[in-house]
Visitor: 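So that we are looking at the same thing, I have put the structure below in structure tokens.
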2 protein chains.
Amino acid sequence: MKRTTAADVARRAQVSTATVSLIVNGKAEGRVSPGTRDRVLAAVDELGYRVDAVARDLATGRRHSVALVVPDIANPYFSHLTQGVAGRLGGGYQLCLVIADPAHDPRPAGLDRIVGERVDGILAEAPAVDLIRRLDGRTPLVVLDRPSPGWDSPYVGFALSEGATALIDHLLDLGHDQIGYLDADIGVPTFKARRACMDDRLRAVTGHGFTGPDVQARTDIDAAAEAFTAHWDGWRAAGVTALVCAADVQAYGVLRAAARLGAAVPGELSVAAFDDLPFSALVSPPLTTVKLSAFDLGHRAAGLLLGLMEGRPLDGAVPLLPASLQVRGTTAPPKPAR
Amino acid sequence: MKRTTAADVARRAQVSTATVSLIVNGKAEGRVSPGTRDRVLAAVDELGYRVDAVARDLATGRRHSVALVVPDIANPYFSHLTQGVAGRLGGGYQLCLVIADPAHDPRPAGLDRIVGERVDGILAEAPAVDLIRRLDGRTPLVVLDRPSPGWDSPYVGFALSEGATALIDHLLDLGHDQIGYLDADIGVPTFKARRACMDDRLRAVTGHGFTGPDVQARTDIDAAAEAFTAHWDGWRAAGVTALVCAADVQAYGVLRAAARLGAAVPGELSVAAFDDLPFSALVSPPLTTVKLSAFDLGHRAAGLLLGLMEGRPLDGAVPLLPASLQVRGTTAPPKPAR
DNA sequence: GTGAAAGCGCTAACAG
DNA sequence: CTGTTAGCGCTTTCAC
């Protein structure tokens, strides 16, 4: 009732395990006679032999697997990213998913494991530098979304500041002056950066930053709706006429909550966000948002990692992916003051 | 520049590798003197030693990892499922994601790999029996969503037929008689079963099945919108006044396409689906759908697998998760015939 | 308390 | 062409 091993196959085919190894790995070309090859293959088949990846990996030092570290797979942004990674990786590598949200778990056990696991490569959503330090420093690492400050690993991200600038300018052009911000409570720089880029632009043009209460919410519809419900009075009191959310899913919650509170969008409040999920064109009103293709991000990052793992050096800097503003129905000029 | 091994630590701490092993695994209780323990711990720290999981696993036979096989991680249904699995698994197991859509790739390489990888357990979205046969038959397996016909593995799923029946009856009660169906093109039984359950009920009550063209589309908004656009005439010609979709995301596409084609929902066409994703309450009109909590499914399946892996026998049959109809705004009585 | 030694199952030189 | 042998790095009896 045990696993069948190469030794079993060897015994049955009257050869050595070395020969079995050569054959099952397709390295038998011109080194093994067709006769023995067939005998071995037959034995493999009859016994249902599969090479033990653990033993092979121990012997060869390769792992045929890469780890992907993301904070929250339920967010479509990250699941699209994962899809992109998986698609590019193809069948040659096993994808090990590590869900680690640094804000909620500063020392994710998963991270320590992946270095013990000796994966061939790591893709990590904008990890903090002290997380990177806990890696072994030898495994190829590609950082997603944002460079880790003070650490230069290869990374692929979006031209975030362009998108953020476009969004702020759009709001300013419409006549908004007091803009509120609903942030994500997830501790990854992606979200920090979204805010920071907009804040920079806002200050550069108006001399002040975001207006009203500083609110963070989980990146899901219900949490964002609750947060909006709790803080809408505060924002309104501060004169906020436009609210930017860190993620589309949050904007959905805001839209729902605003409808329930009787706050007209975009009449009384303009709403905008980041991601441009497929659903964003469908909500009503359709959401003005900065498009970030997470799928492309994952796809490209995986491609880069593939190169690194095969020892190819990076050919120059990796171009940033576009972050373009999609203007739709949730933004409009503010109501003239009464 | 090599990885530091237990031997390095042993040398530095003047002990044997056996002692190192005992200590780093916390099995030193009363078997190692505090003095040597501290020496070893210090050496571990200075050298940055981490046990090599591959070698450990080869020696112990355990893997501390489970594989999750799903057809499409970009579909929120499966990403929520994954989230549920990951949450329940916790830090003790590494999650290996295998994306394998049997319809598009009948012999996914990923599947063969996981048996070679010797994972401790497998969670698989309703696998076909010949896929199960390619597993090693020894690794604990929990089937998600639908039992594999003619194979009894532990499985956890929804009371689909109840939800399907409720939906059909709802439509019938409203006065619909000709009901169309937009199916998923993904080859997993989850989707097949959704259709089959409804078809059963429909035939039982009306004597006929679904009406109009047999259409399948990818489970994403755009693909479903296209499919609807291409086939709306066919459905209408067949007298269809209600359309059921295999998944909420498809219904979103249908809603969008219907709006563009000028088909009023629910005035001219009622629309319903399965999943009840968080967005479904937000589209307009809000979607009537059968709620299936993929998160709970993943969570419970992972719990079951955990038990199996620890050698606990299943305590009786696993109860099905509820599949309850959520009636919202996309279903209404058909327009009276002119 | 601690160490020596025998595997875990496979790969890769090196002989023959 | 094929077999022998020496690891890969760790765990785990079993002596000392």
Side-chain angles (χ1 to χ4, degrees), chain A residues 1-41 43-44 47-64 113 115-120 136 138, chain B residues 1-41 43-44 47-64 113 115-120 136 138:
Chain A
M1 193 52 192
K2 292 193 59 207
R3 245 181 109 84
T4 79
T5 73
D8 298 332
V9 174
R11 202 172 314 116
R12 172 149 193 156
Q14 311 272 43
V15 295
S16 75
T17 61
T19 307
V20 173
S21 175
L22 285 181
I23 292 172
V24 299
N25 290 310
K27 294 180 182 165
E29 216 43 52
R31 325 202 323 62
V32 170
S33 70
T36 51
R37 208 203 40 166
D38 292 348
R39 242 171 36 247
V40 170
L41 254 23
V44 164
L47 269 37
Y49 169 72
R50 313 279 246 286
V51 312
D52 183 320
V54 183
R56 166 173 46 59
D57 293 347
L58 178 60
T60 60
R62 304 211 45 233
R63 278 297 264 124
H64 308 280
R113 194 176 27 237
V115 359
E117 289 283 358
R118 264 209 222 158
V119 293
D120 298 316
D136 67 353
R138 176 185 3 260
Chain B
M1 194 49 193
K2 290 196 58 204
R3 244 182 109 84
T4 78
T5 73
D8 298 332
V9 175
R11 203 172 312 120
R12 173 149 190 155
Q14 310 273 43
V15 296
S16 75
T17 61
T19 307
V20 174
S21 174
L22 284 180
I23 292 172
V24 298
N25 290 312
K27 294 181 181 166
E29 216 44 52
R31 332 209 309 69
V32 170
S33 70
T36 51
R37 210 204 38 164
D38 292 349
R39 251 183 16 259
V40 169
L41 256 22
V44 164
L47 268 38
Y49 170 71
R50 312 279 245 288
V51 312
D52 182 319
V54 183
R56 165 172 49 60
D57 293 347
L58 179 60
T60 60
R62 303 211 46 232
R63 277 299 265 128
H64 308 280
R113 194 177 27 238
V115 357
E117 289 283 359
R118 264 207 224 160
V119 293
D120 298 316
D136 68 353
R138 176 183 4 261

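Just so it is clear, the model here is predicted, and its values are computed rather than measured. In what follows, chains are A, B, ... by sequence order, proteins preceding strands, each numbered from 1. The figures that follow rest on heavy atoms only: side chains count, while hydrogens, waters and symmetry mates do not.
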Visitor: Just the rounded figure in Å: distance from C1' of C/dC14 to CZ of A/R31.
Guide: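 One finds 11 Å between C1' of C/dC14 and CZ of A/R31, rounded.
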Visitor: Only counting residues at least two apart or in another chain, list the ones meeting side chain to side chain donor-acceptor pair (under 3.5 Å) with B/T60.
Guide: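 Result, side chain to side chain donor-acceptor pair (under 3.5 Å) vs B/T60: none returned.
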Visitor: Whole angstrom is fine here: how far is it from CZ in A/R37 over to C1' in D/dT2?
Guide: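 Checked: the CZ to C1' distance equals 16 Å.
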Visitor: For A/T36, what residues pass the side chain to side chain donor-acceptor pair (under 3.5 Å) criterion, not counting sequence neighbours?
Guide: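 With neighbours one apart ignored, the set is A/S33.
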Visitor: Donor-acceptor pair, B/D136 side chain versus B/R138 backbone, under 3.5 Å?
Guide: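 Yes, the answer is positive, given that a donor and an acceptor are paired below the 3.5 Å cut-off.
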Visitor: Compute the angle between the rotation axes at the two ends of the helix from C/dG1-D/dC16 to C/dG16-D/dC1, each taken over five pairs, rounded to 10 degrees.
Guide: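 Comparing the axis at each end, I get an angle of 40°.
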Visitor: Using a cut-off of strictly less than 4.0 Å, decide whether B/T36 has a side-chain nitrogen or oxygen near OP1 or OP2 of C/dG1.
Guide: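 Checking B/T36 against C/dG1: no side-chain N or O falls below 4.0 Å of OP1 or OP2.
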Visitor: Considering residues at least two apart in sequence or located in another chain, which fulfil the side chain to side chain donor-acceptor pair (under 3.5 Å) criterion with A/R50?
Guide: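 Partners of A/R50 by the side chain to side chain donor-acceptor pair (under 3.5 Å) criterion, ordered by chain and then number, come out as B/D112.
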Visitor: Encode nucleotides 3-11 of chain C as B, S and - characters from 5' to 3', where the letter depends on protein heavy atoms closer than 4.0 Å: B to the base, S only to sugar-phosphate, - to neither.
Guide: BB--BBBBS
Visitor: Can you measure A/R11 atom CZ to D/dG3 atom P for me and round it to whole angstrom units?
Guide: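 So the two atoms are 14 Å apart, to the nearest Å.
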Visitor: Could you tell me how far apart B/D57 (CG) and D/dC8 (P) are, to the nearest whole angstrom?
Guide: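 Distance check: B/D57 CG to D/dC8 P gives 18 Å.
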Visitor: At 4.0 Å (heavy atoms only), tell me whether B/G30 reaches a base, stays on the sugar-phosphate, or touches nothing.
Guide: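 The residue B/G30 makes sugar-phosphate contact but no base contact.
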Visitor: According to side chain to side chain donor-acceptor pair (under 3.5 Å), who are the partners of B/D38, at least two apart in sequence or on a separate chain?
Guide: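 Side chain to side chain donor-acceptor pair (under 3.5 Å) list for B/D38, sorted by chain: empty.
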Visitor: Can you tell me if CZ on A/R31 sees more than 12 non-hydrogen neighbours from other groups inside 6.0 Å?
Guide: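 For A/R31, atom CZ is not crowded (no more than 12 foreign heavy atoms under 6.0 Å).
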Visitor: Looking at A/V20 and A/A6, what are the two nearest heavy atoms and their distance?
Guide: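 Where A/V20 meets A/A6 most closely, the heavy atoms are CG2-O, 4.0 Å.
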Visitor: Determine whether a donor-acceptor pair (N or O, by modelled atom type, separation under 3.5 Å) exists between the side chain of A/R63 and the backbone of A/D120.
Guide: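 No; judged by distance alone, with no hydrogens or angles, the pair does not exist.
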Visitor: Please give, in whole Å, the distance from D/dG9 C1' to B/L47 CG?
Guide: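 Result: 15 Å.
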